[in-house]
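Notes follow once the structure below has been shown.
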Amino acid sequence: MERRSNCTPVAENGVLDVKPLRSLAPMFPAPLGFDMVTRSNVPPLVCISPFGSSLSGLDPSLFTPNKVPSSMNEGAAHVATKSGANSFWTGGASILLVDDDEEEENPPSKGKSRTSGKRDKKLQAGSSGSDAKRKRLIKSSIKPLPLSLPMPDDPRESVDMILMNFDSLRRRLLQVDEAKDESNHHYLKAGSIMSARNVKTNVGKRIGSIPGVEVGDIFYFRFEMNLIGLHSLSMAGIDYLTTSFGDKDEPIAICVVSSGGYENEEDDIDVLIYSGQGGSGKNDKKPDNQKLERGNLALDRSFHRKNQIRVVRSAKDINCPTGKIYIYDGLYMIESSWTEKNKAGFNMFKYKLLREPGQPDGIAIWKMTQKWKENPSSRGKVILPDISSGAENIPVCLVNDVDDERGPNHFVYITSVKYPHPIDMMKPLQGCMCLSVCLPGDMNCSCANHNGGDLPYNSMGLLVCRKPLIYECCSSCQCTFNCRNRVTLKGIRLHFEVFRTSDRGWGLRSWDPIRAGTFICEYTGEVIDRSKLEDEIEEDEYIFQATYLGEKAMGFNCRPELLEEAELSTETEVFRSFPITLSAKNSGNIARFINHSCSPNVFWQPVLYDHGDEEYPHIMFFAMKHIPPMTELTYDYGPGTGSIHNKKCLCAAPICRGYFG
DNA sequence: GATCCTTCACATCC
DNA sequence: CGGATGTGAAGGAT
């Protein structure tokens, strides 16, 4: 199952008075204390209540200091803030469709202030014309979600679900904007809608790790970190909370984002030299000396109080040159701080943060895989440099870091499906007449119309929404190879490796980070006749049947409830079963190594591009969520039939069903 | 509580 | 391509 799944962050829900912080700290040297907590498999003491913002389901005794884990830092002090408790999917009383004015009665208790003044203007502007209304997000018009939505109990699943919801909403909003040739702020809109409806988790600032967030997790927008409680500020880099030490209030830092805006030094994977905020001359201001206030003061206080600070680093997204990827790198502590002159000659604060020992690798994995990509021979433990023998666009190496196995049983590597009949004898696919490339919003593009009116991929080639069947452009289309409706037919684009797992044979993972909606690979193999071969199918470990999708994959698509206007809604049909059965036993590709998980990160999607036989589509895998480098790729094989042929599941997910088919 | 202010965003333009 | 610019949201400060 997933690489990091057994490193469950621990017990972050206990509210901890910060006072003992100073007195306890010397008694528990960091490495020992840390190991005890992060390495255990103890489930969280308290699960986030999926329902409602009230904490009524929680044992109050868990919120007293004496139930705090041995080392105070890992206790993840949840310091009560004005906004109160964890809120999750809090529709609450507001299932009633409140009017704009009444909405104030159901306070999420924050963020009202400034927006309310603006909002009135927006409402007026909006009421005068529907176009203006659509362009602007009117927060107060957002209806709260009903409580009937299925919600996971597990914090990890909650975080996954929030992030999948955010990105599906964002992709859909972007798709609509692209079709209208407008550029609206899809990420801000999506974030606002999520916030306004309280589709978020881990509300309330806290010290230490965040339930359901693991070291190495990646994000593509600041808003994503906001929604899951990792970093609550939309722009500022230093998140802090104010708490009382004795009788006076002091700010302490809880999370910093190092995103390249300042002159930070990031060469050492365990050390971060972080610059204070302000004084840089941005935002229409003159460059100046930094002041010991706000985030800078919080970091200074944290240096003295010795509390753990979450660190988020960043990397350039190679697939999107203007984009950045944020990587949660775990907990750090400030070792020292000083001031120095910046290039412009003004004073700036510097803080040296040291990574707490005993944590899973975070940014270290990025440094490692980057080196391998530049020089594949630097990857040790390689059995074969390219298991595809040049058949794929990019070599796929075979590695074994764990034992002496020399590789999987022999099979023939093929990059396309073996149909019983030649392709040109199959039903042809009708092409479009678009010149150059197919454009979103073009009502005359027959390919877009086949796909329900929208092109299924956005300008970055990401799948917007899962569909029963996707029609890509084909050889009879007039458009060029660069058309955005040609994605899966171009083959793999990621650096994969087939690797030895500790207990589940061989698996597949990537050296590249994978964004939700990214095409992974096709499931190639021989199309077999299902009616004739029941017995063989039972014996064949490499069978793919297009009859089961898995519940989590349904969450890839945008919930209609999240879209405020019906016209934006997408078709609700996600799944359709197909008779095609593939065997990759004798011949196949990397997809034959993808293992099962009850909490998968990949799903399959039928696609047509070289023939028009809808019974026998290509089976293409896509990323369900953002996947960090070196994380095993998995999909849901299905629960099985309950027969003795079912296999015991080793996925280790908290929501594991125990068996798969 | 309303308003102001600051902030290591993000996308586009040139 | 990188720097300037425009539209922003959230939360602390006042």
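In what follows, chains are A, B, ... by sequence order, proteins preceding strands, each numbered from 1.
Residue A:L188 has its side chain nearest to C:dA9 when only C:dA9, C:dG12, B:dC10 are considered. Set against C:dA9, B:dC8, C:dT7, the side chain of A:F223 has C:dA9 as its closest nucleotide. Taking only side-chain atoms of A:K205, from C-beta outward, the nucleotide of C:dA9, C:dG12, C:dT7 with the closest atom is C:dG12. The nucleotide whose nearest atom lies closest to any side-chain atom of A:Q277 is, among B:dC8, C:dA9, B:dC10, B:dC8. Across C:dG12, C:dG11, B:dC8, the shortest atom-to-atom separation from the side chain of A:Y274 is found for B:dC8. With C:dA10, B:dC8, C:dA13 as the choices, the nucleotide that has an atom nearest any side-chain atom of A:R294 turns out to be C:dA13. Minimum atom distance to the side chain of A:M235 is reached by C:dG8, of the listed C:dG8, B:dC10, C:dG12.
Atom pair A:M348:CE and B:dC8:P shows a separation of 10 Å (rounding to whole Å applied). At whole-Å resolution of the value, OH in A:Y220 and P in B:dA9 are 17 Å apart. Across the protein-nucleic acid pair, A:I254 atom CD1 and C:dA10 atom C1' stand 14 Å apart, rounded to whole Å. For the pair A:M225 CE and C:dA9 C1', the interatomic distance rounds to 14 Å; values are reported in whole Å. Regarding A:Y187, its OH atom lies at a distance of 10 Å from the P atom of C:dG8, rounded to whole Å. In this structure, CG of A:D177 is placed 14 Å from C1' of B:dC10, rounded to the nearest angstrom. Here C:dA13 presents its P atom at 9 Å from CG of A:L297, a figure rounded to the nearest Å. Rounded to whole Å, atom C1' of C:dA13 lies 18 Å from atom CD of A:E250.
Taking the centre of each ring, A:H626 and A:F219 stay at or above the 6.0 Å mark. Ring centers of A:F622 and A:F519: under 6.0 Å apart, within the cut-off.
Side chains of A:S232 and A:D239: a donor-acceptor N/O pair is present below 3.5 angstrom, by distance only. Side-chain polar atoms of A:N557 and A:S168 form no donor-acceptor pair below 3.5 angstrom.
Between B:dC10 and A:Y326, a contact under 4.0 Å exists linking OP1 or OP2 to a side-chain N or O. Proximity of A:S195 to the phosphate of C:dA10: a side-chain N or O atom is located under 4.0 Å from OP1 or OP2. The shortest distance between the side-chain N/O atoms of A:S259 and the OP1/OP2 oxygens of B:dA9 is below 4.0 Å.
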> For A:K373 and A:D512, what are the C-alpha separation, side-chain angles and deciding distance, and is it a salt bridge (Lys or Arg N to Asp or Glu O under 4.0 Å)?
Replying inline: CA-CA 9 Å; A:K373 281 187 275 185; A:D512 297 304; 2.7 Å; yes
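In this structure, C:dG11 forms a base pair with B:dC5, meeting either the Watson-Crick or the G-U wobble geometry with both donor-acceptor distances under 3.5 Å.
Nearest-nucleotide mapping onto DNA chain C: of A:K316 and A:L233, the residue sitting toward the 5' end is A:K316. In terms of position on DNA chain B, the residue among A:E293 and A:C320 whose nearest nucleotide sits closer to the 5' end is A:E293.
Closest approach of A:K306 and A:M333 over heavy atoms only: O-SD, 3.3 Å.
Within the 4.0 angstrom heavy-atom criterion, no nucleotide atom of any strand lies near A:G191. The residue A:H186 sits close only to the backbone: its heavy atoms come under 4.0 Å of sugar-phosphate atoms, none of a base.
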